[in-house]
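These notes concern the structure reproduced below.
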Amino acid sequence: MFILPFLLEKGMRYNSKWRSLEKAALNLALWEDYLHLQGVNPFDADERHLKRFLLRGGRRTGNIIPFKDSELTIDATNVRKLYTILACYDFWERKRGLTLKRYAGSTLGSLADGLFTRKSGTLSTTPFKFSRAQESKTKKTRKTPSDPDANRIIAKANSDNVSENRRETWFLIASLMRHSGLRAGGCSNLTIASIVNGLREEGEFLAIPECETVLRRHYLPENRKLILKALKDLAARGRKYLFFVVTEKTGSREAPISIKLLEDILDYIWTTRADFVKKRFKIRQHRAPDEVFLSYKNRAFAQESISNKLGKIFTECFVPGSGHKLRAAFCQAIVKDVYLRHRSIHGRAWQASMVLERARQMMGHQNVETLQPYLDDVLAEEAELEGEPVVIRDPSDAADIRGISEALDEGNESLKADLKAVMEKHNVSPIAEPASEYAVI
């Protein structure tokens with residue numbers, strides 16, 4: 001009964017994630033097994049036992065014999081073991097009032113307070129040296145999924161056979177990662193209130209009579225029609241994205257959600273989620289959480305659950321990576337879009353710092369350095385095409401220009417002559433750029 005009470009306290013009172021509890025349980029089990037093999041009761045252990053445990057690599061057994069004032073070669077994993085053990089003894093001493101064995105005036109429960117400041121010739125004065133393997137460890141990188149791969153993953157998420165609710169839930173979560181750049185934590189923390197507050201910032205919604213009442217009671221059929229009409233008006237004006245506040249590991253930020261995807265999310269809230277809440281929260285005193293995506297545990301989806309599910313979908317689709325790579329595909333698309341727009345305006349005078357900073361703001365990154373690889377990929381792609389970007393703002397015009405571009409690539413000389421004649425007729429002059437031979441549409 002040395003480990004379980006501590007884990008219950010950590011899990012129920014402080015609502016720790018199950019994965020953190022699992023790691024803590026494993027570390028404490030290693031410590032308890034080590035003491036058992038040494039013939040020591042966990043409540044009789046002191047600082048000397050802890051030091052020997054760390055010297056042996058934080059394992060149950062080992063063939064390392066510690067000498068006096070031995071230097072601790074320790075990695076980050078064993079540092080976590082150290083503080084988990086100290087936290088457990090702190091719980092037993094302070095919360096349960098247990099009297100622990102003292103060594104050099106301190107117990108393992110009080111050791112955490114002054115571990116690296118107390119000068120008593122014990123752990124505080126023992127040199128901590130991080131192993132070279134830890135210092136030189138390189139991070140494994142995976143390729144960003146291509147558009148076909150990303151679409152295949154979203155399609156797989158949309159084929160979940162457990163229930164209609166789960167199918168739509170995973171489809172929308174995967175779509176938010178791919179097309180809005182949300183992390184797993186952002187999907188988990190997306191709330192209905194955040195969506196309503198975002199709509200409240202738009203002029204089309206403020207123009208609705210009794211706007212506040214309509215948005216507050218958005219689930220009523222007559223109010224749904226007004227909200228969807230306002231979204232269609234925004235789309236007709238050329239708006240592609242609306243911005244909503246989400247909370248992720250970097251803090252709160254405004255995340256872009258396309259109008260089409262937002263319509264799907266609202267329909268999910270009004271139908272599939274509403275049916276789920278009606279079945280699962282039958283007692284009025286038990287109110288459903290405000291998060292958009294709810295689990296069968298009657299609470300918001302945990303970030304770990306989202307990551308684990310999408311990881312399985314990646315595996316089933318034979319695509320290397322995890323759910324976070326869907327966000328990477330979004331990052332790649334955003335950096336490319338920002339670059340092309342910036343380049344089309346400034347030509348050869350474009351600045352990489354301006355592109356990366358704008359992309360950083362849109363994606364909620366803390367620094368621009370993490371976006372540099374995406375820009376490198378865009379530049380490598382452009383080098384292969386040997387082209388120059390041109391912005392066509394009207395989608396229908398862009399489709400026409402693409403067709404003309406392909407025809408010119410095939411060597412259609414008569415079309416080229418006709419285009420020049422049309423330009424002369426309408427007094428349109430070519431705009432040449434230095435060192436530019438091609439135009440990428």
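Counting begins at 1 with the first residue of the sequence. Only heavy atoms go into these numbers, but all of them, side chains included; no hydrogens, no water, no symmetry mates. This structure is a prediction, so every number in the text was calculated from the model and none was measured.
In this structure the side chain of Thr169 reaches within 4.5 angstrom of the side chain of Tyr268, judged on heavy atoms. In this structure the side chain of Tyr34 reaches within 4.5 angstrom of the side chain of Arg52, judged on heavy atoms. Contact of the Gln332 side chain with the Asp377 side chain is registered, since non-hydrogen atoms from C-beta on lie closer than 4.5 Å. Taking the side chain as every heavy atom from C-beta outward, Arg167 and Asn158 approach each other to under 4.5 Å. Between Phe244 and Leu262, some side-chain heavy-atom pair lies under the 4.5 Å cut-off. Between Ile306 and Ser188, some side-chain heavy-atom pair lies under the 4.5 Å cut-off. Counting heavy atoms from C-beta on, the side chains of Leu182 and Glu248 come closer than 4.5 Å. Within the 4.5 Å cutoff, the side chain of Glu9 has heavy atoms near those of the Phe91 side chain.
With sequence neighbours excluded, no residue forms a side chain to side chain donor-acceptor pair (under 3.5 Å) with Asp275. In this structure Arg216 satisfies the salt bridge (charged side-chain N to carboxylate O under 4.0 Å, His left out) test with no other residue, sequence neighbours excluded. Partners of Gln372 according to the side chain to side chain donor-acceptor pair (under 3.5 Å) rule, which considers only residues two or more places apart in sequence or in another chain, are Asp376.
A salt bridge between Arg200 and Glu212 is present, with a side-chain N of the basic residue lying under 4.0 Å from a carboxylate O of the acidic one. A salt bridge links Glu357 with Arg360: the distance from a Lys NZ or Arg NE/NH1/NH2 to an Asp or Glu carboxylate oxygen falls below 4.0 Å. The pair Arg178-Asp149 does not meet the salt-bridge criterion, since no charged nitrogen lies less than 4.0 angstrom from a carboxylate oxygen. We find that Lys229 and Glu204 are not joined by a salt bridge, their nearest charged nitrogen and carboxylate oxygen being 4.0 Å or further apart. With respect to the salt-bridge test (charged N to carboxylate O, under 4.0 angstrom), the residues Arg237 and Asp233 do not qualify.
The CG atom of Leu26 sits 12.5 Å away from atom CG of Leu21, with the distance rounded to the nearest 0.5 Å. Separation of atoms CD1 (Ile153) and OG (Ser175) is listed at 11.5 Å; rounding is to 0.5 Å. With values rounded to the nearest 0.5 angstrom, Ile313 atom CD1 is found 11.5 Å from Asn308 atom CG. Interatomic distance, Leu326 CG to Ile154 CD1, rounded to the nearest 0.5 Å: 6.0 Å.
Considering all non-hydrogen atoms of both residues, Ala300 and Ser295 come closest at O-OG, 4.2 Å. When all heavy atoms of Leu108 and Leu86 are compared, the closest pair comes out as O-CD2, 3.5 Å. In plain terms, the two heavy atoms of Ala29 and Ile3 that are nearest each other are N-CD1, 3.7 Å.
Under the 3.5 Å distance criterion, the side-chain polar atoms of Asn197 are matched with a main-chain donor or acceptor of Ala193. In this structure, Arg327 contributes its side chain and Gly181 its backbone to a donor-acceptor pair below 3.5 Å. A distance-only check finds a donor-acceptor pair linking the side chain of Arg224 to the backbone of Tyr219 [under 3.5 Å]. Side-chain atoms of Thr84 come within 3.5 Å of backbone atoms of Arg80 as a donor-acceptor pair (strictly under, hydrogens ignored). When atom types are taken as modelled, the side chain of Ser180 and the backbone of Pro256 share a donor-acceptor pair closer than 3.5 angstrom. Looking only at distances, a side-chain donor or acceptor of Thr315 sits under 3.5 Å from a matching main-chain atom of Gly311. A side-chain donor-acceptor contact under 3.5 Å links His342 to the backbone of Gln351. In this structure a side-chain-to-backbone donor-acceptor pair under 3.5 Å is present from Lys81 to Gly58.
Environment of CZ in Arg239: crowded, with over 12 heavy atoms of neighbouring residues, nucleotides or ligands closer than 6.0 Å. Other residues, nucleotides and ligands contribute over 12 non-hydrogen atoms within 6.0 Å of the CD atom of Glu222.
Aromatic rings from Trp170 and Phe301 are positioned such that their centres are separated by under 6.0 Å.
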| request: Starting from the C-alpha separation in whole Å, work towards a yes-or-no answer on side chain to side chain donor-acceptor pair (under 3.5 Å) for Thr191 and Glu291. | output: CA-CA 4 Å; Thr191 62; Glu291 283 80 8; over 6 Å; no

| message | Test side chain to side chain donor-acceptor pair (under 3.5 Å) on His49 and Asp46; report intermediate values, then the result. | response | CA-CA 6 Å; His49 301 103; Asp46 58 35; 3.2 Å; yes

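Between Phe43 and Phe2, the angle of the ring planes goes over 60°, which puts this pair in the perpendicular group of the 30/60° scheme. Using cut-offs of 30° and 60° for the angle between ring planes, the Tyr296 and Phe276 rings count as tilted. The aromatic rings of Trp31 and Tyr89 sit perpendicular, their planes meeting at an angle over 60°, well past the 30° parallel limit.
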